[in-house]
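Step one of this worksheet: look at the structure below.
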Amino acid sequence: MIKRSFDDFLEYQSLDKGEEPEDKGEEFLKAYMDHLGLNHLSVYAWAISSAITYMKSLGFNRKDNGNGYTDASHGSKSKLFTQEEKYTWLAVHYIQGYLSDYLPLKDSEEFVLDYMQIINVDNPAEQLAITVHEEMLDIEDNWIVKELLAPEMEESRVAKDERSKYERGKAVLEELTGVSENEPKTGYAAFAPQIEIFLKEHLFVNIFERDILTYKERELATISVLAATRISSGREPRTRAAIKSHKSCLN
């Protein structure tokens, strides 16, 4: 797994003190040997040391974070992908980023221009070319799921209402609460009128005018979530306020 951190930049090589470096990889090792006063250093030892140091800097320690299944998935992201492996993958990508700043790609004089050159991110669309077309004749046109995730608001309903979104929002809120919206503004509506406008136009028009749920169904769902939430702070007053303010549409 650690080998992946340097595999795009360095060979699996080592250097002894007194040896003259023959390539950029050995020059890289020599700089660390001289700095640390070492007699011998391999690429793998450097990568392991760097990974452990980086993981410890993130707060990892094997006593608290490791477990007996560390090697069970052999470095792959399987169901046994343990906490220790997650830290190790962080170290792998950190070392890849570090080396990309100091060394060109192996067998090349070019530096990384795009991290996709060294990190493989799966793209399911890439598999389309090898799909058996006899089984999926229209695959090029239909591999994207085109169904709507939720029904859209009925255009006819909006088209017939020539009032502004703000006025429509006021009408919805009046229907929910049974209280006229023509009274002088108080509270947040007076203090922050832009918030009041946003709520009227977005919440009570963009959301409440959709025909997915009735007003009563929406309020019942809101009150149910408030009553069931595990966050006790402010739960009861918010639940009471929701029941009181929206009892008009709940009756």
Exercise for the section: Measure from NZ or CZ of Arg218 to the centre of the six-membered ring of Phe208 and say whether it is under 6.0 Å with the direction within 45° of the ring axis. Expected result: yes
Practice task
Would you name the heavy atoms of Leu41 and Tyr32 that are closest together and state the gap between them?
Solution key: CD2-CB, 3.8 Å
Practice task
Report yes or no: does Lys24 contribute a side-chain atom to a donor-acceptor pair with the main-chain N or O of Leu103 at less than 3.5 Å?
Solution key: no
Exercise for the section: Can you sort out the partners of Tyr166 under ring pair (Phe, Tyr, Trp, His ring centres under 6.0 Å), two or more places apart, ordered by chain and number? Expected result: none
Practice task
Decide yes or no for Asp8 and Gln96: does some side-chain heavy atom of the first lie under 4.5 Å from some side-chain heavy atom of the second?
Solution key: yes
Handout entry: Close side-chain approach of His40 and Ser14, heavy atoms under 4.5 Å
Key = yes
Handout entry: Side chain to side chain, Thr186 and Phe191, heavy atoms closer than 4.5 Å
Key = no
Practice task
Can you label the angle between the Tyr94 ring and the Tyr54 ring as parallel, tilted or perpendicular, going by 30° and 60°?
Solution key: parallel
Handout entry: Lys30 side chain reached by Leu15 side chain, heavy atoms, under 4.5 Å
Key = yes
Exercise for the section: Say whether, by atom type as modelled, one donor and one acceptor occur between the side chain of Glu219 and the main chain of Lys216 under 3.5 angstrom. Expected result: no
Practice task
Run the ring-centre check on Trp46 versus Phe28 and record whether the distance is less than 6.0 Å.
Solution key: yes
Practice task
Drop me the distance from Glu201's CD to Glu167's CD, to the nearest 0.5 angstrom.
Solution key: 10.0 Å
Problem - Test item: Leu203 and Phe198 side chains (from C-beta on) under 4.5 Å apart, heavy atoms - result: no
Practice task
Decide yes or no for Phe9 and Tyr102: does some side-chain heavy atom of the first lie under 4.5 Å from some side-chain heavy atom of the second?
Solution key: no
Exercise for the section: Report yes if the side chains of Phe111 and Leu105 come closer than 4.5 Å at any heavy-atom pair, otherwise no. Expected result: no
Completion exercise
Interatomic distance, NZ@Lys170 vs CZ@Phe204, rounded to 0.5 Å, equals 13.5 Å
